[in-house]
Amino acid sequence: MKDRKRQYRRYMQEVKLIKRLNRASLNWWGRFTTINDNRIAKPNITDYIGLSHYKLYKTTTTTRWDSSNKSKYSPNRFNCWRSDHDRNTRESDKKEFLNILREYGLK
Amino acid sequence: MDLNSIHLPNDNWCVKDKYIMFKKLHNIPVCYIYDGIVYVFLDARIAKEIIRFTKYLIKNELGFYFTTPLASDPKGVENLDQEIIRSYLIAHSNSAFFYGFKKIGFNLIENMVQWAKYSKTNHLIKPMYDIVNDRVQKSQWNYYQNRELYLQEDIEIRNEFSSLYREIKILQIFG
């Protein structure tokens, strides 16, 4: 079998994402507010972009047994909600540092 | 002026019907031309591309205004002028647009005032500003964390909005 490259894998991920978003949009009941703050009656798959749904439906874990519980891309990306204190990443540290600077009026 | 005369950076961009589109899951409209003026959709879904496209328009000295993403709907929009001004202000409260336009040195509010003058809708700015400002300054006291939580988390945007109407008035008089 021909070896699959990164571009193909990205394409397949997008196909999966579209399938999930499509299913979600078909089952949507009620009004929908987009990221542009426009209320629409029935959402398309593109209306989910920028909202929490879009992140939620992305595949962020691997299928292999030894790494299925790890996050796939970076420690900043999760499927579920976690507080900033639990992360201990460079980005959260930077955010905290900026808040301290603002508190003392240095930024 | 024609849509085909605009340079498209890569394969994700295409011209379809009367719109230039950008592909993100599906084709999302970026702009159209009417009466020799380019109308760009202020769509936060593709904020990075909109900012890049604005930079291109400024560089080539093409006249342009922004419009609401609802205008691409073939069904049409009620109160289009009102919606356009609202989308200008909503985009200004969006952090991606706020810092993105700041970086390229473009004043979105000045463009809004120019558009209002062009379409004779200056009287719609104040009521739309009141609605969006209320939304930006909205806060709630959180008893568990013992602090005030704002709908718009960025303090810089909130401060900007509190004195924005004064800036609009100055631009209307001297701009």
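The figures here come from the full heavy-atom set of this structure, side chains too, leaving out hydrogens, waters and symmetry mates. Only a predicted model underlies this, so the values are computations on that prediction, with no experimental measurement involved. Chain letters run A, B, ... following the sequence lines, proteins first, then strands; residues in each count from 1.
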ask   = Can you say whether A:Leu17 sits under 4.5 Å from chain B via the side chain, the backbone, both, or neither, judging by heavy atoms?
value =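 Just its side chain gets close to chain B.
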
Within one Ile-Leu-Val-Met-Phe-Trp-Tyr cluster: [X] and [Y], side-chain cutoff 4.5 Å:
X        : Y        : result
B:Tyr34  : B:Phe53  : yes
B:Ile157 : A:Leu101 : no
B:Leu151 : B:Leu149 : no
B:Ile58  : B:Leu171 : yes
B:Met128 : B:Ile170 : no

For A:Ile45 and B:Leu25, which heavy atoms make the closest approach, and how far apart are they?
->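 Taking every non-hydrogen atom into account, O-CD1, 4.2 Å.
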
Q.
Counting only heavy atoms from other residues, nucleotides and ligands, does the tally under 6.0 Å from CG of B:Asp17 exceed 12?
A.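 Not more than 12 within 6.0 Å, no.
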
inquiry  = A quick test of your reading: do over 12 heavy atoms of other residues, nucleotides or ligands sit less than 6.0 Å from CZ of A:Phe97?
reply    =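 Counting neighbours around CZ of A:Phe97, 12 or fewer heavy atoms of other residues, nucleotides or ligands fall under 6.0 Å, so no.
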
Can you sort out the partners of B:Tyr39 under ring-ring contact (aromatic ring centres under 6.0 Å, His included), two or more places apart, ordered by chain and number?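 Partners of B:Tyr39 under the ring-ring contact (aromatic ring centres under 6.0 Å, His included) test: B:Tyr32.
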
query = In chain order, what residues pass the ring-ring contact (aromatic ring centres under 6.0 Å, His included) check against B:Tyr129, with sequence neighbours excluded?
reply =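 If we apply the ring-ring contact (aromatic ring centres under 6.0 Å, His included) test to B:Tyr129, skipping adjacent residues, the hits are B:Tyr165.
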
inquiry  = I'd like to verify something: which residue of B:Leu70, B:Ile46, B:Ile155, B:Ile28 has the highest number of heavy-atom pairs under 4.5 Å with chain A?
reply    =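 With the most close heavy-atom pairs to chain A, the winner is B:Leu70.
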
What residues of residues 107-123 of chain B sit under 4.5 Å from chain A when only non-hydrogen atoms are counted?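 Near chain A, by residue number: none.
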
Write out all chain B-chain A donor-acceptor pairs shorter than 3.5 Å, or none if the list is empty.
| residue | atom | partner | partner atom | Å |
| --- | --- | --- | --- | --- |
| B:Asp43 | OD1 | A:Asn36 | ND2 | 2.8 |
| B:Ala44 | N | A:Asn36 | OD1 | 2.8 |
| B:Arg45 | NH1 | A:Thr46 | O | 3.2 |
| B:Arg45 | NH1 | A:Thr46 | OG1 | 3.4 |
| B:Arg45 | NH1 | A:Asp47 | OD1 | 3.4 |
| B:Arg86 | NH2 | A:Asp37 | O | 2.6 |
| B:Arg86 | NH2 | A:Asp37 | OD2 | 2.9 |
| B:Arg135 | NE | A:Asp37 | OD2 | 3.3 |

